[in-house]
Amino acid sequence: MSKYKIAVCQMKTTDDKEQNIEHAIDMVNIASKKGAELIILPEMFNCPYENKYFPNFAEEYPGETTQSLSNVAKKNHIYLVAGSIPELSSGKIYNTCYIYNRNGELIGRHRKIHLFDIDVKDKVYFKESDTLSAGNKVTVVDTDLGKIGIAICYDIRFPELSRMMALEGAEIIILPAAFNMTTGPAHWELSVRMRAIDNQVFFVGAAPARNNEASYTAYGNSRISDPWGDIIASADERECILYADIDRTMIGCIREQLPLLKHRRTDLY
């Protein structure tokens with residue numbers, strides 16, 4: 001399939017897990033009725049983005065959240081990139097994105113590779129490693145919409161990861177991400193566009209809606225870039241469903257005109 005519609009559910013997360021799951025399902029149902037075949041949820045959509053909540057909201061696979069998402073993917077016959085949730089496995093907690101096919105089958109699982117441990121002086125301090133463990137696998141899934149690469153939030157800042165996914169054939173890279181009010185205005189759109197340009201892929205930054213009452217305030221502003229680096233769909237900070245039409249033929253055209261991947265000097269780097 002060379003052309004298809006995608007949707008980003010920029011939802012607001014609360015401290016009520018069941019309410020978050022139900023709200024995510026409602027937004028997926030709406031996006032599917034609008035014709036989206038690939039639907040994306042934001043980072044930590046079932047849980048407030050704060051270390052103290054991760055252990056309480058964490059669940060093993062399969063669990064309440066993952067089963068609900070499998071069901072809604074199957075019901076709507078869509079691909080679902082299910083943002084991320086705290087995953088409990090062998091006593092560790094991961095920031096994990098589950099990917100489902102049209103039959104509701106799990107076809108991929110990405111555990112956030114780069115943990116968000118930062119200290120921007122007098123602005124923001126956060127250490128995911130206080131509660132979370134890092135993943136160690138690059139995630140690319142094969143679908144009838146083409147190959148899809150998955151990363152989570154801070155993963156975008158390490159260009160090697162996106163390049164590895166592109167070299168594995170990813171045509172679209174999807175990044176559930178909750179940039180904050182310091183890093184968001186400074187680097188969010190720039191990063192989305194740059195990773196798209198670097199690798200000549202579609203790049204989707206799927207953010208949660210901003211909740212000014214939360215202890216961690218997400219920037220929002222979901223963005224979708226085409227392989228030329230043009231933003232083809234954008235949101236503000238409010239809750240919404242963001243749509244874009246993906247034309248896979250654009251990738252080949254751009255790579256033929258500007259063959260960046262072919263011109264890499266692998267003899268040097």
J.: Is a side-chain donor or acceptor of D247 paired with a backbone partner of T249 at a separation under 3.5 angstrom?
T.: yes
J.: Kindly give the heavy-atom pair with the smallest separation between S222 and Q10, and that separation in Å.
T.: OG-OE1, 2.7 Å
J.: Looking at R238, I'd like to know if its CZ atom is crowded, meaning that more than 12 non-hydrogen atoms belonging to other residues, nucleotides or ligands lie closer than 6.0 Å.
T.: no
J.: Could you check whether any side-chain N or O of T183 sits under 3.5 Å from a backbone N or O of N180, counting only pairs where one atom can act as donor and the other as acceptor?
T.: yes
J.: Looking at every heavy atom in both E59 and T66, which two are closest together, and how far apart are they?
T.: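 For E59 and T66, the tightest heavy-atom pair comes out as OE2-N, 3.5 Å.
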J.: In terms of side-chain heavy atoms, does S68 have a donor or acceptor partner in N71 at a distance below 3.5 Å?
T.: no
J.: Indicate the atoms forming the closest heavy-atom contact of R210 with N212, along with that distance.
T.: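 Minimum heavy-atom contact is CD-OD1, 3.4 Å.
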J.: What closest approach, in Å, do L145 and Y4 show between heavy atoms, and which atom pair accounts for it?
T.: O-CE2, 3.6 Å
J.: I need the minimum non-hydrogen distance between P227 and I251, along with the two atoms involved.
T.: CG-CG1, 3.8 Å
J.: Can L80 be reached from V141 by stepping across I, L, V, M, F, W or Y side chains whose heavy atoms are under 4.5 Å apart?
T.: no
J.: Does any N or O in the side chain of T13 come within less than 3.5 Å of the main-chain N or O of F45, such that one atom is a donor and the other an acceptor?
T.: yes
J.: M194 and V204: same hydrophobic cluster, using ILVMFWY side-chain contacts below 4.5 Å?
T.: no
J.: Does any N or O in the side chain of R248 come within less than 3.5 Å of the main-chain N or O of S2, such that one atom is a donor and the other an acceptor?
T.: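 No; judged by distance alone, with no hydrogens or angles, the pair does not exist.
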J.: Looking only at the side chains, is there a donor atom on one of S162 and N199 sitting less than 3.5 Å from an acceptor on the other?
T.: no
J.: Using the six-membered ring of Y154, assess whether NZ or CZ of K112 lies under 6.0 Å from its centre and within 45 degrees of the ring axis.
T.: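 Not flagged: K112 not positioned over aromatic ring of Y154.
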J.: If you draw the axis of the six-membered ring of Y94, does the NZ or CZ of R111 fall within 45° of it and under 6.0 Å from the ring centre?
T.: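 So R111 does make the cation-pi contact.
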J.: Can you spot which of F179, F54, F126 makes a ring pair (Phe, Tyr, Trp, His ring centres under 6.0 Å) with Y216?
T.: F126
J.: Just wondering, do R102 and Y79 contact through their side chains at under 4.5 Å, heavy atoms?
T.: yes
J.: Going through the checks in order, is the salt bridge (charged side-chain N to carboxylate O under 4.0 Å, His left out) test met by E189 and R223?
T.: CA-CA 7 Å; E189 182 175 310; R223 293 287 187 271; 2.8 Å; yes
J.: Ignoring hydrogens and angles, tell me if any N or O in the side chain of R264 forms a donor-acceptor pair with the backbone of L261 under 3.5 Å.
T.: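 Looks like yes, one N/O pair under 3.5 Å.
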J.: Quick one: closest heavy-atom pair of C153 and L175, and the distance?
T.: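 Between these two residues, the closest heavy atoms are N-CD1, 3.4 Å.
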J.: Given 3.5 Å as the limit, does a donor-acceptor pair link the side chain of S84 with the main chain of M44, or not?
T.: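 Such a contact is found between S84 side chain and M44 backbone.
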J.: Using a 3.5 Å distance criterion without hydrogens, assess whether the side chain of D155 forms a donor-acceptor pair with backbone atoms of I113.
T.: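 The answer is yes, because a donor-acceptor pair under 3.5 Å joins these two groups.
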J.: Ignoring hydrogens and angles, tell me if any N or O in the side chain of D226 forms a donor-acceptor pair with the backbone of W228 under 3.5 Å.
T.: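 A pair under 3.5 Å: yes.
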J.: Taking S234's backbone N and O only, do any of them form a donor-acceptor pair with N221's side chain (distance below 3.5 Å, no angle check)?
T.: no
J.: Main chain of K12, side chain of E239: is a donor-acceptor contact present, judged purely on distance under 3.5 Å?
T.: yes
J.: Assess the side chains of E43 and N95: does a donor N or O sit below 3.5 Å from an acceptor N or O?
T.: yes
J.: Is it true that T14 and N20 share a donor-acceptor pair across their side chains at a distance under 3.5 Å?
T.: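 Their side chains do contain a donor-acceptor pair, which is all the 3.5 Å distance test asks for.
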